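Structure record follows, encoded as structure tokens.
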Amino acid sequence: MNNEQTDQVKRRLEELEELKSLGVNPYPHKFDVTHNSAQIISGFKDPADESEAEKQKQNIVSAAGRISAIRKMGKASFSHIKDQEGKIQFYIKKDEVGEDTYRIFKLLDIGDIIGVKGYVFRTKTGEVSIHCTGLTVLTKSIQPLPVVKEEITETGEKIIHDAFADVELRYRQRYIDLIVNDNVKDTFIKRAAIIKSIKNTLDKHNFFEVETPTLQSIYGGANARPFVTKHNALGIDLYLRISNELYLKRLIVGGFNRVYEFVKDFRNEGIDRTHNPEFTQVEWYQAYGDYFDSMNLFEEAVEQAAIDALGTTKINYQGTDIDLKRPWKRLKMTDAIKEKTGLDVINMKRAEIAEYMQKNEIEFDKRISGNKGLLIASLFEATCEEDLIQPTFVIDHPIDTTPLCKPMREYSLSQIDEMKKDPEQVIFVERFEPYINKWELGNSYTELNDPILQRKLLEEQVERGRGGEAETHPMDEDFLNAIEIGMPPTTGVGMGIDRLVMLLTNSYSIRDVLLFPLMKPLDS
RNA sequence: GGGGAUGUAGCUCAGGGGUAGAGCAAUUGCCUUUUAAGCAAUGGGUCGGAGGUUCGAUUCCUCCCAUCCUCACCA
């Protein structure tokens, strides 16, 4: 905070001193609230006659909140206070509250937090308000707040004047954003409802909530660069988790049949509209199930979250209508490519696919040109993702895209060994990625539990890492040991919560669904 | 990391080679049912930071910082 005081801050400090000199404690310890703004408004009934009106005056409510507007008119004033539920107007008259209280009222500013006692009435212009009989200063604010004004037009349209709109200030000082911009709070209320709903769905299906380490000595379960930190006493490097997958699988090995965990994952990568270095995922694992079970549960969880948070499965994201109603479309990755490009990639040679991509100016990492599976995956991303607006499970990926997923059930084990020797053959795995609005919303497998194949695939990945392919994770011997002990047939899911919340709240940027998105620190 | 845009009063913005302007907010006065309250007056700015060009820079140039958009990266 800079130490230079603006005239407005100086003035507020003077008012603070004046309040003290009047014997007012500007920071008292407690205030008894009997009603919030919404309760006051919904609980008011217009009196039928004079005597009923008189009776209502005996009914004193007490509310508390932050002053959001003041309209002073000499010896009487109107003001709004804002609490978590909304706004309530109060009317204060010098004759009624007395000289001292009115003087205190005049020392208040927008942003101060006060308690108001009084009876409820309806003003001439029709607004249910508190007729103030007592006023308590609860917190004097010494920094000015942006003043946002609302205008309700004759057609009932709401116009916001001078909104606090600078996104940088909004993210850096989210507390101001929350005070001043009503729709912001709404986004986070919905976020909480979405998470609660998903937990309810998982609980309903007898999943068990667990907690696994954030600090890991070996990171894994995804392809991403980690954040590195140091443990001083142990003298070792630790990594902030990029995924909790390998730990949840250990729990399946340990005999928990259905587990889930909501976690922050940390990935040391670029930041953009759909990526923040720390983000929230829920992962769940279900023993004795396959990826079809996961698809069913995934679409159920999302559909139910939409109903619980919004009351509908029909959403509009930035102008696009999307319906989250079950069942969702299921589309094999190779069929998606065929539909879009007409290519039958399974029967094409690696060189032919690469040639097609070059001819059509589809960029790909030259290091994968010898890997047919990765070529197919790149071709899919470049050509098909843009069409995946309505909820779609893209299923059955090339094995090269992940070492943790089980090959499709139609292959025999000897067939897999045979196919692996031929670089023009692609093994497909039982994987799906749910797409909505072109975004991957998650990832799921029929989990690989064959310890021999698991070790082989992880070793291949480590080797490729040495060859310079982008990101791979180090070998986790303890995880392999767990798989060797034996993991039952299992399916698992990761679901990106932030992107789901973006969709359901029509938020343009991931930063709009994170209370405190990462910002570069400002110098001094 | 590449490209583009932005940064002026507490907030939202306009302006432009001769050290700045509006609305809201603030201060003072009037005002006892207002609601973007009203009327009148007043104060408030190192024009993101550092250099350079110039008699003179907030304006032009370079660099830096921050933010947004976009591409790359991140399956």
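Only a predicted model underlies this, so the values are computations on that prediction, with no experimental measurement involved. Below, read A as the first sequence line, B as the second, and so on, with proteins coming before strands; counting in each chain starts at 1.
Ranking B:C74, B:U33, B:U70 by closeness to the A:H275 side chain, first place goes to B:C74. Distance from the side chain of A:E168 is smallest for B:A66 among the nucleotides B:A66, B:U12, B:A37. Listed candidates were B:U34, B:C69, B:C11. Nearest to the side chain of A:P146 is B:C11. Listed nucleotides B:U27, B:U12, B:A66 differ in distance to A:R11; the shortest reach to its side chain belongs to B:U27. Here the side chain of A:R71 is nearest to one of B:C69, B:A37, B:U67, namely B:A37. Distance from the side chain of A:F121 is smallest for B:U33 among the nucleotides B:U33, B:U70, B:U12.
In this structure, A:D112 does not pair ionically with A:R66, as no charged nitrogen and carboxylate oxygen lie closer than 4.0 Å. Using a 4.0 Å cut-off between charged nitrogen and carboxylate oxygen, A:K140 and A:E18 do not count as a salt-bridge pair. A salt bridge links A:D177 with A:R174: the closest approach of a Lys/Arg side-chain nitrogen to an acidic carboxylate oxygen falls below 4.0 angstrom. Checked for salt-bridge contact, A:R103 and A:E99 miss the test: no charged N lies under 4.0 Å from a carboxylate O. Classification of A:E269 and A:R225 as a salt-bridged pair holds, one side-chain N sitting under 4.0 Å from a carboxylate O.
Residue A:F164 is classed as a sugar-phosphate contact, given heavy-atom separations below 4.0 Å to backbone atoms only. Within 4.0 Å of A:A377, counting heavy atoms only, lies no atom of the nucleic acid at all. Among the heavy atoms of the strands lying under 4.0 Å from A:D166 are primed sugar atoms or P, OP1, OP2 only; no base atom is included. Note on A:L145: nothing from the nucleic acid sits closer than 4.0 angstrom, heavy atoms only. In this structure, A:E363 reaches neither bases nor backbone, as no heavy-atom distance under 4.0 Å exists between it and the strands shown. Across all strands shown, A:E15 has heavy atoms under 4.0 Å from sugar-phosphate atoms exclusively, and none from any base. Residue-level contact check: A:A69 touches neither bases nor backbone, having no heavy atom under 4.0 Å from any strand. As judged by a 4.0 angstrom heavy-atom cut-off over every strand, A:E127 is placed among the base-contacting residues. As judged by a 4.0 angstrom heavy-atom cut-off over every strand, A:H397 is placed among residues making no nucleic acid contact. Nucleic acid contact for A:K520: sugar-phosphate only, since backbone atoms but no base atoms lie under 4.0 Å from a heavy atom of the residue. Counting non-hydrogen atoms under 4.0 angstrom, A:R172 reaches the backbone sugars and phosphates but no base.
Here the separation of B:G15 from B:G2, taken at their C1' atoms, is 33 Å to the nearest Å. Remark: the separation of the P atoms in B:U27 and B:G18 is 35 Å, to the nearest Å.
Between the CD1 atom of A:I271 and the P atom of B:A72 there is a distance of 17 Å, given to the nearest Å. Residue A:I362 contributes atom CD1, which lies 16 Å from atom P of B:C71 at whole-angstrom precision. Regarding A:I159, its CD1 atom lies at a distance of 15 Å from the C1' atom of B:G23, rounded to whole Å. Atom-to-atom, CG of A:D162 to P of B:A14 comes out at 13 Å; the value is rounded to the nearest Å.
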Atom pairs under 3.5 Å: protein N/O with N/O of nucleotides 2-4 of chain B:
none

Provide a list of protein-nucleic acid N or O atom pairs under 3.5 angstrom, restricted to nucleotides 39-45 of chain B.
from: B:G43; atom 1: N2; to: A:D7; atom 2: OD2; distance (Å): 3.1

